[in-house]
Amino acid sequence: MRKFKEFIIEKLILLCGLASIFFVALIFLFLLKEGLAVFKTVGLFSFLGGKSWYPISEPPHLGILPLILGSLWVTLGAAIISVPIGVACAVYIAEISPGKIKEVLKAGIELLAAIPSVVLGFIGMVTLVPLVKSIFHLPTGLTALSGSIMLAFMAMPTIVSIAEDALYSVPKIYKEGALALGATHWQTIWRVILPAASKGILAAVMLGIGRVIGETMAVMMITGNAAVIPQSILVPVRTLTATIAAEMGEAVVGGEHYFALFAIGIILFVISFIINVTADLFLHKRQ
Amino acid sequence: MVAFKIRDLNIWFNDVHALKQVSLDVEANEILSIIGPSNSGKTTFLRMLNRLNDLEPSFRMEGEVKFEKEDIIRMDAETVRRKVGMVFALPLPLPLSIFDNVAYGVRMQGIRHKGKLTAQVEEALKQAYLWEEVKDRLSESAFKLSGGQQQRLCIARTLAVAPQVILFDEPCSGLDPISTAKVEEAMLKLKQKYTIVLVTNNVKQAARVGDRTAFFLSGELIELDQTDKIFTAPADKRTDGYIRGKFG
């Protein structure tokens, strides 16, 4: 009887494990089926490299280059802001801050991670957007820059917490070895601890960027959503994610527009996949 | 000449009284071996001499530690550590080439001149008895060296920053007998130029290389005398018991 019970439990757990893989496979297949259909009418290169996105004109222009560039601008901007601040913050928490401040900071970072993105987007819309508008004397503050700043806040908790773990996992004896040679605290951090943790920090950066690329709600609210090729970081852009979210409701099911949106989904999936795999590679090489 | 003068040293970590009323002198150019069972405070004592205990937030001390008549607590920690080098139990090469490992501390002091750097690295490797074995492969990764060579590389790295004292914290605990012999040989030669404090779990090693030997037990200094005396006619019967392997 007991053996039978063990058997049932084992099989149930196996089933749960298989189910998750099965669902992922199904989602992926569905994405492929719906997305690849667009390539019957548009070639892969004119889809990726096409400079205009007018999905409901006649005939539709389905070039997603402006959207890719939009995502790229916003992501790059967010990375430039969040990576130095995030890594510096992790170094401060892991190496410098005394006990109590460390606890407060860690709690603060977790709190930042807990703010729903739509709330951040809303706050950005009413505070950051007018600020950007008045500082740069722009016709509108809904720009890639505003999106970058907002997204930097979202990437920061990921970067800080993973980079901090990487710093903690540097063997204590490395630090002592450097100090015993007469290195100052800063020399030890800069020349020993950071290089030793570099792979984990790279993984942290990748995962932070992954978070930024996939983010939808906040960027939709504050980047202006103009599907044109951005000439600078101070113009409205439209990202891949925001395009899907904004247009899926009005696309005719089974139409070209609908298929094109799924194809964008595939592109996003591929980008996230590459980022996650790279981050994973860095993390595993470390061990 | 006295290198270290320690008087009434007490150390606590939180509520644990790790060292109790320790007073001793370390003479210049001697090898002072410190033996004792684990948890006897010998490593804590050693880490006091280059202020590595400071890294522990719960560390608290009383008493006096003077290095060449200067109170090391008042000195800048980096200055102390530059004068008092340390070799750890595990050989810990950095993931760099052999040359860069030795040049590491030198570069950290701001010396960048290529010729000067090369000379200092060569000198340090010679003093650590490693030069002959590595002179043709200085650009290879330090991880390609054997355990004993890695430990001598760490000694060279410590020597390269020109310290006056070298602290050895169980330097041979992970090495085979032949590598151990080479490290010991290096130590005996080094004492002509440096003061050496050696913490070891290996009683025989203390007998082989130590000029004087100190026996620590439960945070107290039980006995300190010439190595011959400690090993042939110890004054305290606890020392005798430990040396004979009755406990420890």
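Predicted model, so just to flag it, every value in this text is computed and none were measured. All chains are named by letter (A, B, ...) in the order of the sequence lines, taking the proteins before the strands, and each is independently numbered beginning at 1.
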Subject >> Contacting region of B/L167 [heavy-atom separation from chain A under 4.5 Å] >> reply: neither
Original post:
Is chain A contacted by the side chain of B/V87, its backbone, both, or neither, given a heavy-atom distance below 4.5 Å?
Top reply: neither
**OP:** Heavy-atom pairs under 4.5 Å with chain B are the metric here; pick the option from A/Q187, A/K172, A/E176, A/K175 that has the most.
**Re:** A/E176
**OP:** Validate the cation-pi geometry between B/K191 and B/F168: distance from NZ or CZ to the six-membered ring centre under 6.0 Å, angle to the ring axis within 45°.
**Re:** no
Just give me the residue among [options] that pairs up with chain A most often, heavy atom to heavy atom, under 4.5 Å.
| options | value |
| --- | --- |
| B/Q109, B/R82, B/E78 | B/E78 |
| B/T158, B/N50, B/L92 | B/L92 |
| B/R157, B/M86, B/K83 | B/R157 |

Original post:
Can you tell if the side chain of B/V80 reaches within under 4.5 Å of the side chain of B/F67, non-hydrogen atoms only?
Top reply: no
Original post:
Considering only heavy atoms from C-beta outward, does the side chain of B/M61 approach that of B/L9 to under 4.5 Å?
Top reply: yes
Original post:
Closest heavy-atom contact between A/F282 and A/A203?
Top reply: CB-CB, 4.1 Å
Original post:
B/H17 vs B/W12 aromatic rings, parallel, tilted or perpendicular, using cut-offs 30° and 60°?
Top reply: parallel
